[in-house]
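First up is the structure itself, then whatever we jot down about it.
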Amino acid sequence: MYYPIKTYLKFLFRSRNQHGVHSPFVYDLVTKCFYNKQDYPEYAVLRDYRKNLLESNDTLEVTDYGAGSRVFKSNTRSIAAIARNAGISKKRQQLLFRLARYFKPALSLELGTSLGLATVALSIGNTHGRVITLEGCPNTAAKAQELFSEFQLEKIQLKTTTFETFFENPSIGYDLVFIDGNHDKTNTLSYFDLLRKSAHNDTVLIFDDIYWSPEMTEAWNEIIAHPEVTVSIDTYQWGLVFFRKEQEKEHFRIRV
């Protein structure tokens, strides 16, 4: 637990809000998306989806392909506990909705569906776009698909597969990618390398848990140092990278 506390205190000391951000692109993103306080009617869908999971009495036998869990000691886990302890928080779910609404990605990719809390935010944030989401655990994927159908989220395509198997085929250019799974340095760098090769000028990659471990932070630092990454934003929980060729390379630490 020492590492997250140390890195968070360091982040708070070095981070800022919109003041002092001189990049018009980042300033607009921070003020119009990150700090947007509007209570969107779609938030009710996010609340209902979360409530459905939190009120469930069912359990799942989970197959974990990532770095494991800091919370669960058994692979038999209650759906409510997964949603409460391992799912994206309400605040971050709403932020992901706003990011999808702000960037309007025609095609989004999510690495790590889990129970779909982030997936639904991506989908309803831009109802004109498609979302491809990957989940390695068949039981977890089945529960997520059940809810996608119940909430009539027809633009979501769930693939029950490992990330490695999915990337065996040539990657296409995604507009937004949310990487939330397999918190491992080597794999994270591998996913970044595969995704950047097909990225376009307006692609945004969002990496979850960049301070999960010293190794994940090392991966994050290598990613933002890559010469093709021009804009990078550290929000502590997430790291966002952009490939905007019209901008000089700059890194931001923003409190959200």
Discussion item. Evaluate E215 against T188 for side-chain contact (heavy atoms from CB on, under 4.5 Å), listing each step before the verdict.
Written reply: CA-CA 10 Å; E215 291 74 23; T188 298; over 6 Å; no
Any chance you could measure [X], atom [atom1], to [Y], atom [atom2], to the nearest 0.5 Å?
| X | Y | atom1 | atom2 | answer |
| --- | --- | --- | --- | --- |
| I82 | T140 | CD1 | OG1 | 5.5 Å |
| S89 | Q94 | OG | CD | 9.0 Å |
| L96 | L176 | CG | CG | 7.0 Å |
| F207 | L240 | CZ | CG | 9.5 Å |
| F34 | I233 | CZ | CD1 | 4.5 Å |
| T133 | Q157 | OG1 | CD | 10.5 Å |

Is the closest side-chain heavy-atom distance between [X] and [Y] below 4.5 Å?
| X | Y | answer |
| --- | --- | --- |
| L147 | L115 | no |
| V131 | L153 | no |
| D58 | L60 | no |
| T119 | L158 | no |
| E110 | L134 | no |
| N221 | T217 | yes |
| D234 | H251 | yes |
| S23 | F252 | yes |

Closest heavy-atom pair and its distance - [X], [Y]:
| X | Y | value |
| --- | --- | --- |
| K185 | A219 | CG-CB, 3.8 Å |
| A83 | L117 | O-CD1, 4.2 Å |
| A100 | A121 | CB-O, 4.3 Å |
| L205 | F243 | CD1-CZ, 3.8 Å |
| A118 | F178 | CB-CE2, 3.7 Å |
| Y35 | R16 | OH-O, 4.2 Å |

Practice prompt. Apply side-chain contact (heavy atoms from CB on, under 4.5 Å) to V62 and N139, showing your working.
Written response: CA-CA 7 Å; V62 175; N139 294 333; over 6 Å; no
Worksheet item: For V241, which of V229, L195, T230 qualifies under side-chain contact (heavy atoms from CB on, under 4.5 Å)?
Response: V229
Check: [Y] main-chain N/O paired with [X] side-chain donor or acceptor under 3.5 Å:
| X | Y | value |
| --- | --- | --- |
| T113 | G116 | no |
| S190 | T186 | no |
| D209 | W212 | no |
| N126 | P105 | yes |
| K155 | T127 | yes |
| N201 | K245 | yes |
| T7 | P4 | yes |
| K104 | H128 | no |
| K249 | I224 | yes |
| S198 | I172 | yes |

Please say whether more than 12 non-hydrogen atoms of neighbouring residues, nucleotides or ligands are located less than 6.0 Å from [atom1] in [X].
| X | atom1 | value |
| --- | --- | --- |
| E154 | CD | no |
| Y8 | OH | no |
| E246 | CD | yes |
| K51 | NZ | no |
| R130 | CZ | no |
| Q38 | CD | yes |

Worksheet item: Do Y43 and L54 share a hydrophobic cluster, counting only Ile, Leu, Val, Met, Phe, Trp and Tyr and linking them when any side-chain heavy atoms are less than 4.5 Å apart?
Response: no
Item to complete: Determine whether F13 and I210 fall in the same hydrophobic cluster, where Ile, Leu, Val, Met, Phe, Trp and Tyr are linked whenever their side-chain heavy atoms lie under 4.5 Å apart.
Response: no
Practice prompt. Please step through side-chain contact (heavy atoms from CB on, under 4.5 Å) for the pair L107 and I132, ending with a clear verdict.
Written response: CA-CA 8 Å; L107 181 60; I132 296 174; 4.1 Å; yes
Worksheet item: Got a sec, which residues hit ring pair (Phe, Tyr, Trp, His ring centres under 6.0 Å) with F103, two or more places apart in sequence or on another chain?
Response: F242
Item to complete: Take D175 and H200 through the test side-chain contact (heavy atoms from CB on, under 4.5 Å) and record every step on the way to the result.
Response: CA-CA 8 Å; D175 304 299; H200 55 76; 2.7 Å; yes
May I ask you to decide if the ring planes of [X] and [Y] are parallel, tilted or perpendicular, using 30° and 60° as cut-offs?
| X | Y | value |
| --- | --- | --- |
| F192 | H226 | perpendicular |
| Y236 | F11 | tilted |
| F166 | Y174 | tilted |

Worksheet item: If you measure only the distance, is there a donor-acceptor pair under 3.5 Å linking the side chains of N182 and Y191?
Response: yes
Fill in: E135 versus T160, side-chain donor and acceptor atoms under 3.5 Å
no
Worksheet item: So, is the end of the R101 side chain (NZ or CZ) under 6.0 Å from the ring centre of Y40 and within 45° of the ring's axis?
Response: no
